[in-house]
Amino acid sequence: MEQNARLYDDLEKILVTREEIARAVRELGRRITEDYAGKSPVVIGILKGAVVFYSDLIREIDLPLQTEFMSVSSYGSATKSTGVVQIRLDLKLDVMGRDLLIVEDIVDSGMTLHYLKEHLASRGAASIRIATLLDKPARRRVDLKADYHCFTIPDEFVVGYGLDYAERYRNLPDIGVLSPRIYQGED
Ligand code: IMP
Ligand code: MG
């Protein structure tokens, strides 16, 4: 393999290629542009996992949008969240009456976004929608549905295109399943 060959050695397989991602992101940008016609949404990227997806997605949206970021951490091991969510970087913007679009890398248990949605709703947003790159429905623990998603994936731990394991692999251009030997011994 060409670029990032050493990182690719830690993958069991590639699940979604950069070409498939680019196509899906373009299509999603088109849908969001249509759905929010006449509006100027606040597009909130969730650090750090959504950064790569976010930067590609906003360039496919033809609207006078506003960019904002939040950082949340959910306690747990490196591959499983506990559902206890802490806001590390909050919005400074007043969201009262605004249309919010939360951009996330993956919905797994759903706990992080469930918490975040309630939190933002309590501040009087006009609407709140979620756009996620990946959806892993098999692991859902709360009733949370993303309004937009690019790919539904099986119950496997994936990295790349922003997603990490222990802060690594975010810079892989494709999305791959991490070899279990990398995280064996965890828990
Ligand atoms: P939640 O379980 O839906 O609350 O997901 C919380 C966070 O866990 C996501 O935003 C990701 O940062 C992380 N996460 C869940 N599944 C994966 C995965 O397969 N690879 C990398 N990160 C993941
Ligand atoms: Mg993460």
Side-chain angles (χ1 to χ4, degrees), residues 4 7-18 20-21 24-25 28 43-58 68-91 100-121 128-187:
N4 295 333
L7 291 178
Y8 278 98
D9 282 346
D10 293 348
L11 299 185
E12 192 173 85
K13 64 177 178 214
I14 291 180
L15 198 61
V16 194
T17 66
R18 63 195 81 178
E20 291 169 325
I21 296 169
V25 170
L28 178 57
V43 184
I44 304 170
I46 307 304
L47 300 173
K48 306 171 202 169
V51 159
V52 181
F53 173 46
Y54 184 95
S55 66
D56 283 343
L57 180 63
I58 58 169
E68 294 289 339
F69 294 92
M70 289 181 82
S71 173
V72 297
S73 67
S74 45
Y75 292 104
S77 68
T79 63
K80 288 182 210 82
S81 97
T82 54
V84 182
V85 179
Q86 186 197 22
I87 295 187
R88 291 209 172 144
L89 173 71
D90 207 341
L91 294 177
L100 310 184
L101 179 63
I102 302 172
V103 176
E104 180 55 306
D105 53 357
I106 185 166
V107 183
D108 186 34
S109 71
M111 314 277 277
T112 306
L113 284 176
H114 180 77
Y115 174 85
L116 205 56
K117 222 176 152 177
E118 306 259 295
H119 176 79
L120 291 170
I128 305 175
R129 285 188 190 168
I130 294 167
T132 185
L133 175 68
L134 304 175
D135 188 6
K136 214 193 265 183
R139 299 201 356 130
R140 205 70 97 248
R141 285 167 59 198
V142 289
D143 183 22
L144 184 112
K145 218 177 154 324
D147 301 275
Y148 305 99
H149 73 280
C150 292
F151 303 98
T152 299
I153 63 163
D155 185 7
E156 289 183 289
F157 194 80
V158 297
V159 294
Y161 197 69
L163 291 109
D164 74 304
Y165 170 69
E167 296 301 331
R168 284 156 59 205
Y169 310 103
R170 295 193 198 275
N171 54 324
L172 284 177
D174 308 282
I175 296 167
V177 175
L178 191 63
S179 291
R181 68 176 161 81
I182 304 295
Y183 54 84
Q184 254 150 23
E186 187 194 281
D187 282 344

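Order of listing sets the numbers, starting from 1, for every ligand and every atom in it. Computed from a predicted model, the values in this text were never measured in an experiment. Note: hydrogens, waters and symmetry copies are ignored here, and every other heavy atom, side chains too, is used.
At a threshold of 4.0 Å, the pair Asp135-Arg140 counts as salt-bridged, since one of the basic side-chain nitrogens sits closer than that to a carboxylate oxygen.
Gly49 does not count as a contact of ligand 1, since none of its heavy atoms falls under 4.0 Å from the ligand. Note on ligand 1: Leu163 sits in its first shell, one or more heavy atoms being nearer than 4.0 Å. The closest approach between a heavy atom of Lys136 and any atom of ligand 1 is below 4.0 Å.
Every atom of ligand 1 with a heavy atom of Glu104 under 4.0 Å away is listed here by number and element: 10 (O). Every atom of ligand 1 is numbered from 1 in the order shown, and the set under 4.0 Å from a heavy atom of Ser109 is 1 (P), 2 (O), 3 (O), 4 (O). Near Thr112, the atoms of ligand 1 lying under 4.0 angstrom from a non-hydrogen atom of the residue are 1 (P), 4 (O), 5 (O), 6 (C). For ligand 1, the atoms closer than 4.0 angstrom to any heavy atom of Glu156 are 19 (O).
Using a distance-only test at 3.5 Å, with no hydrogens or angles considered, a donor-acceptor pair links the side chain of Tyr54 to the main chain of Val43. Looking at Ser179, its side chain never comes within 3.5 Å of a backbone N or O of Ile182 through a donor-acceptor pair.
Shown are Val159, Val158, Ile153, Asp105; of these, the side chain to side chain contact (heavy atoms under 4.5 Å, CB included) with Ile175 is made only by Val158.
Among the atoms of Gly110, some N or O lies under 3.5 angstrom from an N or O of ligand 1.
When Val158, Leu178, Asp108, Val142 are ranked by how near their heavy atoms come to atom 21 (C) of ligand 1, first place goes to Val158.
Residue contacts with ligand 1 for Leu113 are absent, since no atom lies close enough (heavy atoms, distance under 4.0 Å).
The distance from atom CG of Asn171 to atom CG of Asp164, rounded to the nearest 0.5 Å, is 11.0 Å.
Relative orientation of the Phe157 and Tyr165 rings is perpendicular, given thresholds of 30° and 60° on the angle between their planes.
Judged purely by distance below 3.5 Å, without hydrogens or angles, the side chains of Tyr161 and Asp56 pair a donor atom with an acceptor atom.
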